[in-house]
Every structure is written in structure tokens, then in C-alpha cells.
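Have a look at the structure below, then the notes.
In what follows, chains carry the letters A, B, and so on, assigned in the order in which the sequence lines appear, proteins first and then strands, with residues in each chain numbered from 1. Just so it is clear, the model here is predicted, and its values are computed rather than measured.
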Number of protein chains: 2
Amino acid sequence: MEKLLLILGQLMPLSTELREDLIAKIFIRKVKKGVILISEGKICHQLFFIKKGFLRGFHYQNGKEITSWFGFENDFATSTHSFFSQKTGYENVEVIEDSILYGITYEDLNKVYYRHPEFNYVGRLLTEKYYLDVLERTLCLQFQTAKQSYEQLIATHPQILKRAYLGHIASYLGISQETLSRIRAKK
Amino acid sequence: MEKLLLILGQLMPLSTELREDLIAKIFIRKVKKGVILISEGKICHQLFFIKKGFLRGFHYQNGKEITSWFGFENDFATSTHSFFSQKTGYENVEVIEDSILYGITYEDLNKVYYRHPEFNYVGRLLTEKYYLDVLERTLCLQFQTAKQSYEQLIATHPQILKRAYLGHIASYLGISQETLSRIRAKK
DNA sequence: GCGTTTATTTGACTTTTGTCAAAAGTTCTA
DNA sequence: TAGAACTTTTGACAAAAGTCAAATAAACGC
């Protein structure tokens with residue numbers, strides 16, 4: 001849990017009480033490859049921090065699986081829409097490699113925010129960071145050829161290429177697996 | 001300015017000092033149609049709240065203008081990437097209809113956050129809201145036909161259809177203006 | 001109200017990407 | 001280590017969307 005506290009502590013010095021409160025609320029969860037951590041149609045109650053492993057978020061559209069994000073070591077992961085709004089979500093979260101996660105429930109997290117208002121600063125900064133990540137992704141999806149999207153992915157997220165299935169990467173880029181395979185072959 | 005304070009106040013009761021601090025820092029700016037409020041290649045120092053009017057954000061890709069967002073009355077608007085990171089940005093912000101804006105500088109906003117740590121709660125909630133907006137957009141762009149994207153836009157953001165140029169809407173949806181025009185004609 | 005400028009639509013054609021099906025290559029496990 | 005299960009590649013063809021150019025249509029200034 002030290003690593004997580006370190007990351008949070010780099011954003012803002014954590015008081016002893018805040019540290020203790022966090023430690024008391026955070027639980028550890030080990031999950032095997034293939035497990036669906038969070039399912040669509042349900043309310044997502046947990047936010048996870050990936051200590052080790054590899055996750056992805058996906059949903060269905062026109063009957064097909066579409067990957068919306070990949071999460072690696074030191075990333076936070078949840079079904080964002082459902083977690084933030086505490087409404088039922090459309091997103092599934094799948095464990096792609098055996099993983100060790102730290103988790104906190106929505107309720108407990110809000111207790112921490114309530115007891116330590118200054119912790120909202122950390123929450124705001126992290127939200128801003130993830131916001132910028134999605135923004136970058138939107139740009140990437142909006143008006144590029146399949147090849148440009150792929151090349152940008154190689155440049156910005158090489159580890160996705162190394163660890164994810166081709167089909168997952170393709171849907172993440174908004175193209176078909178066959179097209180991605182052909183782009184790759186040509187290089 | 002009452003409307004803005006009302007919106008913030010709905011997220012969290014604002015203490016008198018916080019209210020006064022905000023009022024002291026926020027400036028009013030009236031801008032005419034066609035003005036470029038924020039230019040690419042510069043650091044964006046202001047966050048705006050749209051009291052009245054209509055803005056859009058856009059950038060260039062492969063030599064073409066691509067609209068990344070539209071902002072209406074009661075929306076917040078800025079060159080998000082540049083404002084959050086305080087680095088030079090790629091985004092331009094254009095005034096599409098004569099507008100009245102409330103603005104605050106990055107520096108002043110952070111002074112407010114610093115003096116009133118609990119105000120980070122408001123910042124966090126608003127960031128979460130805009131984060132969800134972009135997420136929804138990503139889903140829309142990722143794997144839909146041009147027609148589906150258009151229909152979803154009609155359903156979720158009818159006022160964009162009414163007030164924005166077709167070319168801007170098309171690039172916002174990630175399709176060419178001609179394609180959008182044809183989709184429209186068929187209905 | 002008229003002409004100019006700007007925005008939208010339409011047509012013909014090209015390019016890109018998707019789809020379906022089958023083959024080849026990998027990985028895992030019993 | 002052989003076979004099953006899964007993943008990626010390849011081929012042939014179809015569909016969707018882009019491009020360029022020209023014609024309308026709408027908005028704006030004088």
C-alpha cells in the first residue's frame with residue numbers, strides 16, 4: 001500500500017490522521033485473469049488502484065465488444081460513469097492478467113473526503129489527470145485514419161501494444177481487428 | 001454573477017468569505033462573434049463561465065479544422081489541456097455568437113483553492129461532470145456509423161444542431177460535412 | 001432590395017475500412 | 001507433446017465515407 005500512499009503523497013502531504021483513515025478503509029483484492037470485476041447494469045461501488053496486473057473496460061455496441069480503456073500498474077480503475085454518478089452503468093471491467101488491487105468503496109471514499117476536506121485537492125488533481133487522458137483519446141479518435149491512430153498509440157502507449165490482444169486494441173482505436181492486422185503487416 | 005454563484009452554491013454551501021473572494025477575483029468580459037478567445041501555441045490562463053452566448057473549441061489536424069466542443073449558457077469553457085497543465089496548448093477557442101463571459105485566471109483560482117481548501121470539492125465535482133461528458137463523447141466516436149452519431153447528437157444535444165454550423169458539427173462528429181448533409185437529406 | 005459573401009447541398013468518383021470466411025499461428029493443458 | 005482452444009492473418013468482396021467541384025441557398029452589408 002506504500003506505493004499508493006506515495007503517489008497520493010506526491011500530490012499533497014498527507015496528515016497522519018488522513019493516512020490512517022485511508023489505510024483503514026482500503027482493502028486488498030487479488031483477482032485471476034478472466035474475472036469480470038464490474039458488470040454493466042449494476043452500480044459500481046468500488047474504485048481500484050492497480051498494484052500489479054492489467055485490466056480493461058469495455059461495453060457492447062451493435063452487438064460488439066468495445067474496449068474503452070486499459071489499466072496498468074499504478075493506474076486507478078473503475079467503471080467511471082457508474083462510480084461517479086452512483087447509477088447503473090454500461091461498462092464492464094475485465095481482468096486481463098492476474099492482478100493485485102487496492103480498493104475503496106464509494107461510501108468510504110466519501111467519508112474520507114468529508115473528514116478531510118483538503119483531500120478533495122487530491123481528488124480534483126487525479127480527476128483532472130484522467131480527464132486529460134480521455135481528451136487526448138477523443139482527439140485521436142475524431143479525425144485520423146486507422147494508420148495514424150495506430151502510430152499514435154505506438155508512440156504514446158507502447159505497453160498497450162505489448163500486453164493487450166489485437167482485437168481489444170482494434171476496438172479501442174475504433175477500427176476492426178482485420179484492418180489493424182493489415183496495417184501492422186505493411187510496416 | 002448571481003447565476004454562477006448559484007450553480008456553485010448548489011454543489012456546496014459557500015461561506016461568506018469564499019463568496020467575497022470569488023466575487024473579487026472574477027472579471028466580466030464581453031466578446032463579439034468571430035473573436036478568437038484563446039489561441040493554440042499559447043498557455044491558457046483563464047477559465048470562463050458562459051453567462052450568455054456560444055463558444056467552440058477547435059484545433060487543426062491534417063490541415064483541417066476540427067471542433068472538439070461547444071459551450072453554451074451556464075457552461076464552463078477553457079482550453080482544458082493548457083489550462084490544467086499550464087503548458088502551451090493545441091486548442092483554439094472561438095466566439096460563435098456575441099457572448100458575455102465571467103472569467104478567472106489560473107493564478108487567482110488557485111489562490112481561492114488555497115485559501116478555501118473545501119472549495120476543491122466544487123472543483124472536483126465539476127471536473128467529474130466534464131470528465132463524464134467527454135467519456136460519453138468518446139463512446140459516441142468510437143464505433144458508430146455516421147448516422148448513429150448524428151442521431152445520438154440530436155437526442156442528447158439538440159441545441160448544438162440549432163445553433164452551430166454544419167461544418168462544425170460534422171467535424172465534431174468526426175465525419176465530413178458532405179456526409180452529414182446527405183444523412184440529413186435522407187430523413 | 002441587391003449584390004456579395006458565406007454556408008449548404010448535390011453529383012461523380014475514389015479511397016478507406018468493414019465483413020465474412022477460411023487458413024495459419026500460438027498458447028495452454030491434460 | 002498432441003490436441004483443443006484461442007488469436008492473428010489473409011483473401012475476396014461490399015459498404016461506408018471521403019474528396020473535389022459545381023450548383024443552390026441563405027445571410028449580411030450597404
Problem set entry | Residue of the set B:Arg29, B:Lys51, B:Lys30, B:Lys32 for which salt bridge (charged side-chain N to carboxylate O under 4.0 Å, His left out) holds with B:Asp98 | B:Lys32
Exercise. How long is the line joining CD of B:Glu178 and C1' of C:dT14, in whole Å?
Worked result: 14 Å
Problem set entry | For B:Trp69 against B:Ala77, the heavy-atom pair lying closest together | CH2-CB, 3.7 Å
Problem set entry | Closest approach of A:Ser82 to A:Thr88 (non-hydrogen atoms, all atoms of both residues) | OG-C, 4.3 Å
For this session: Using heavy atoms and a sub-4.0 Å distance, could you list which residues of residues 161-171 of chain A are near DNA chain D? By number, please.
Result: A:Tyr165, A:Leu166, A:Gly167
Exercise. Below 4.0 angstrom from OP1 or OP2 of D:dG18, is there any side-chain N or O of B:Thr179?
Worked result: yes
Exercise. So, is A:Ser176 near the phosphate of C:dG18, with a side-chain N or O under 4.0 Å from OP1 or OP2?
Worked result: yes
Exercise. Salt-bridged, A:Asp133 to A:Arg137, with N to O below 4.0 Å?
Worked result: no
Problem set entry | Distance below 4.0 Å between A:Arg184 side-chain N/O and D:dT8 OP1 or OP2 | no
Exercise. Taking 4.0 angstrom as the limit, do A:Arg124 and A:Glu128 come out as a salt bridge?
Worked result: yes
Problem set entry | Separation of atom CD1 in B:Ile96 from atom P in C:dA7, rounded to whole Å | 11 Å
Problem set entry | Shortest non-hydrogen separation from B:Phe27 to B:Ile104 and the atoms involved | CE2-N, 3.7 Å
Exercise. Does B:Arg182 get its side chain close enough to the base of C:dG11, under 3.5 Å, for a donor-acceptor pair?
Worked result: yes
Exercise. What residues form a salt bridge (Lys or Arg N to Asp or Glu O under 4.0 Å) with A:Arg56, not counting sequence neighbours?
Worked result: A:Glu65, A:Glu94
Exercise. Between atom CD in B:Gln142 and atom P in C:dG18, what is the gap in whole Å?
Worked result: 12 Å
For this session: Find the distance A:Gln177:CD to C:dT17:P and express it as a whole number of Å.
Result: 16 Å
Problem set entry | Sub-4.0 Å heavy-atom contacts from residues 55-73 of chain B onto DNA chain D, ordered by number | B:Lys64
Problem set entry | Nearest-Å distance for atom pair CG/P, residues A:Leu180 and D:dT8 | 9 Å
Problem set entry | Residue A:Ile175, side-chain atoms from C-beta onward, closest of D:dA17, D:dT9, C:dG18 | C:dG18
For this session: Starting at atom NZ of B:Lys33, determine the distance to atom P of D:dA27, rounded to an integer number of angstrom.
Result: 10 Å
Seminar exercise, completed: Separation of C:dG18 atom P from A:Ile183 atom CD1, nearest Å, is 8 Å
For this session: Evaluate ring-ring contact (aromatic ring centres under 6.0 Å, His included) for A:Phe48 paired with A:Tyr102, printing each intermediate quantity in order.
Result: CA-CA 5 Å; A:Phe48 294 105; A:Tyr102 296 139; over 10 Å; no
For this session: Answer yes or no: is there an ion pair linking A:Lys129 with A:Glu136, defined by an N-O contact shorter than 4.0 Å?
Result: no
For this session: Could you tell me the separation between the CD atom of A:Gln148 and the C1' atom of C:dT17, rounded to a whole number of Å?
Result: 14 Å
